[in-house]
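Since this is a predicted model, take the numbers as computed values, not measurements. Residue numbering restarts at 1 for every chain, and letters A, B, ... go by the order of the sequence lines. Computed from heavy atoms alone, side chains included, the values below leave out hydrogens, waters and symmetry copies.
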Protein chains: 2
Amino acid sequence: MSRYDPSAFPPFAVTVDLVVLTVRDHALCALLVRRGEPPFQGYWALPGGFVRPDEGLAEAASRELAEETGLRAHSAPGHADTGVHLEQLATYGHPQRDPRMRVVSVAHLVLAPDLPTPRPGGDASSARWAPVGDLLGDAPADGVPLAFDHGRILADGVERARSKIEYSSLATAFCPPEFTVGELRRVYEAVWGVVLDPRNFHRKVTGTPGFLLPSGGTTTRQGGRPAQLFTAGGATVLNPPMLRPEA
Amino acid sequence: MSRYDPSAFPPFAVTVDLVVLTVRDHALCALLVRRGEPPFQGYWALPGGFVRPDEGLAEAASRELAEETGLRAHSAPGHADTGVHLEQLATYGHPQRDPRMRVVSVAHLVLAPDLPTPRPGGDASSARWAPVGDLLGDAPADGVPLAFDHGRILADGVERARSKIEYSSLATAFCPPEFTVGELRRVYEAVWGVVLDPRNFHRKVTGTPGFLLPSGGTTTRQGGRPAQLFTAGGATVLNPPMLRPEA
DNA sequence: TTAATAGTGTCTGTAAGACATTATAAT
DNA sequence: ATTATAATGTCTTACAGACACTATTAA
């Protein structure tokens with residue numbers, strides 16, 4: 001028989017982990033928190049915590065995000081408010097991923113505009129934005145990998161973000177409410193780690209219906225000729241997609 | 001404080017549910033099993049079961065698949081053996097999704113070639129292939145929705161399959177080890193519910209490097225002029241993708 | 001012969017890649 | 001003036017969509 005007696009189910013703990021990404025200083029960065037207790041005490045880890053008995057998974061992810069960053073998230077698409085993008089990423093349940101007990105973690109991906117500075121639980125020394133380039137690969141720049149299997153989770157989250165901005169308008173989630181074409185292009189360049197042709201990029205994004213809405217204003221915050229300001233349009237899917245260069 | 005005491009974690013059960021898809025008679029079909037016990041007794045549901053304390057999530061999904069269908073799955077890409085494709089789909093954890101207790105289910109997607117007939121646990125009357133067109137939407141053809149939130153899970157799995165065959169060679173997972181271009185085209189047509197131009201399709205799939213490998217043989221099992229037989233090539237990603245028609 | 005499917009070829013429109021050029025600000 | 005970025009335009013090439021046509025089998 002393949003089904004267990006539900007009243008004799010094995011003991012599982014369920015958590016949510018958050019891959020919170022933003023673009024700072026032309027680099028894709030992830031939010032990390034320092035662990036204050038064993039296991040992996042002193043290691044950097046993804047923010048997260050246990051799911052409560054009466055809350056859903058996205059709800060738990062939202063709550064943890066608010067508790068650790070003060071951000072309000074929305075998982076429904078098409079919003080133009082101040083909430084950041086949140087979506088379920090994947091679930092990690094290797095039997096030995098947590099040495100204490102059997103923990104199944106439902107990872108979520110959060111995309112946020114550049115934030116002033118992390119204020120996780122009010123303790124600034126225990127949180128930081130780290131460029132993902134320093135964290136991925138076999139040799140982390142710090143020399144110390146992330147706690148648990150968070151390196152793998154982070155890699156999966158980064159890959160999800162990199163592929164999703166190809167065929168969706170999700171790159172605008174990294175931008176403030178009003179942004180210029182150049183700022184959006186620098187988001188793509190930071191997330192993909194490439195250099196894009198400004199002229200072809202401008203033609204592509206302004207030529208895709210519903211991607212950008214002119215807000216009327218202009219800005220010179222980047223220097224040079226004043227640039228038109230836009231807000232994210234209603235379109236969520238890009239067809240044809242934005243092509244990611246090979247190298 | 002955002003973290004619970006791990007020794008006082010709330011009681012969760014963790015299950016895997018399977019969206020097993022195949023193409024039969026020119027239609028995309030999903031494997032359903034009939035529930036023999038409450039809740040939802042007599043309802044059709046997705047196959048699945050509890051994750052055991054010592055096994056991983058993909059491992060549990062593989063085991064349930066073997067138990068209920070006799071299929072052997074592999075989750076690594078690029079295989080050309082007899083195993084079917086298996087990947088994690090998403091996790092569903094609404095607090096009231098199971099009336100008995102708090103159950104978090106990690107859904108998996110399985111793509112398989114057309115199978116002789118379901119032999120789930122040896123009881124043929126309790127399993128069937130159902131065309132997904134009859135199951136999705138507000139009015140299921142049977143008049144009765146699936147158990148639990150399995151209608152939503154199935155819809156998500158179908159959408160995943162529909163989008164993934166656009167930019168990957170995953171459609172070959174619906175084909176036998178050797179297949180013709182026409183058979184592969186009929187897979188696309190069944191999964192997407194559209195009619196594709198045979199000539200443009202032939203040009204596209206044979207012109208994409210690594211998608212198809214000529215096996216040397218030919219077949220006339222479809223009638224008409226003998227068709228070349230192919231096996232799945234090593235390529236997993238299609239660039240540029242196969243475009244899904246609008247309507 | 002007829003009908004079915006397989007395979008190849010041609011034309012056209014769309015859009016991406018690779019450029020040049022002009023426009024408008026700060027210094 | 002110089003330099004920075006913004007915005008528009010041109011040319012070429014790749015490729016999808018929409019066709020026509022020939023090839024090879026079974027009934």
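- Put simply, the side chain of Arg203(A) does not reach to within 4.5 Å of the side chain of Asp197(A), judged on heavy atoms.
- Nearer the 5' end of DNA chain D, as judged by each residue's closest nucleotide, is the contact made by Leu229(A), out of Leu229(A) and Asn239(B).
- You'll find the side chain of Val106(A) stays beyond 4.5 Å of the side chain of Tyr92(A), heavy atoms only.
- Rounded to whole Å, the distance from CD on Gln228(B) to P on dT25(D) is 14 Å.
- Cation-pi contact between Arg162(A) and Trp192(A): absent, since separation from the ring centre below 6.0 Å together with deviation from the ring axis within 45° is not met.
- For Arg152(A), the CZ atom counts as loosely surrounded, since its 6.0 Å shell holds 12 or fewer non-hydrogen atoms of other residues, nucleotides or ligands.
- With DNA chain D read from its 5' end, the first of the two nearest nucleotides for Pro226(A) and Arg203(A) is the one closest to Pro226(A).
- DNA chain C is contacted by both Thr180(B) and Thr220(A); Thr180(B) maps to the nucleotide lying nearer its 5′ end (nearest heavy atom per residue).
- One atom, CG of Asn200(A), and another, P of dT10(D), lie 14 Å apart when rounded to the nearest Å.
- Between the CZ atom of Phe201(A) and the C1' atom of dT8(D) there is a distance of 16 Å, rounded to whole Å.
- Arg186(A) comes within 4.0 angstrom of the backbone, heavy atoms only, and of no base.
- Considering only side-chain N and O atoms, Lys204(B) lies under 4.0 angstrom from the phosphate OP1 or OP2 of dA16(D).
- Within the 4.0 angstrom heavy-atom criterion, only backbone atoms of the sugar-phosphate kind lie near Arg185(A); the bases stay farther away.
- For the side-chain contact (heavy atoms from CB on, under 4.5 Å) with Cys175(A), the qualifying choice from Val187(A), Thr180(A), Thr231(A) is Val187(A), the only one to do so.
- Pro198(A) comes within contact range of no nucleotide atom at all, as no heavy-atom separation falls under 4.0 Å.
- For the pair Arg199(A) CZ and dC11(D) C1', the computed distance is 13 Å after rounding to whole Å.
- Reading DNA chain C from its 5' end, the first and the last nucleotide to sit under 4.0 Å from a heavy atom of chain A are dA16(C) to dA25(C).
- A distance-only check finds no donor-acceptor pair linking the side chain of Tyr188(A) to the backbone of Met242(A) [under 3.5 Å].
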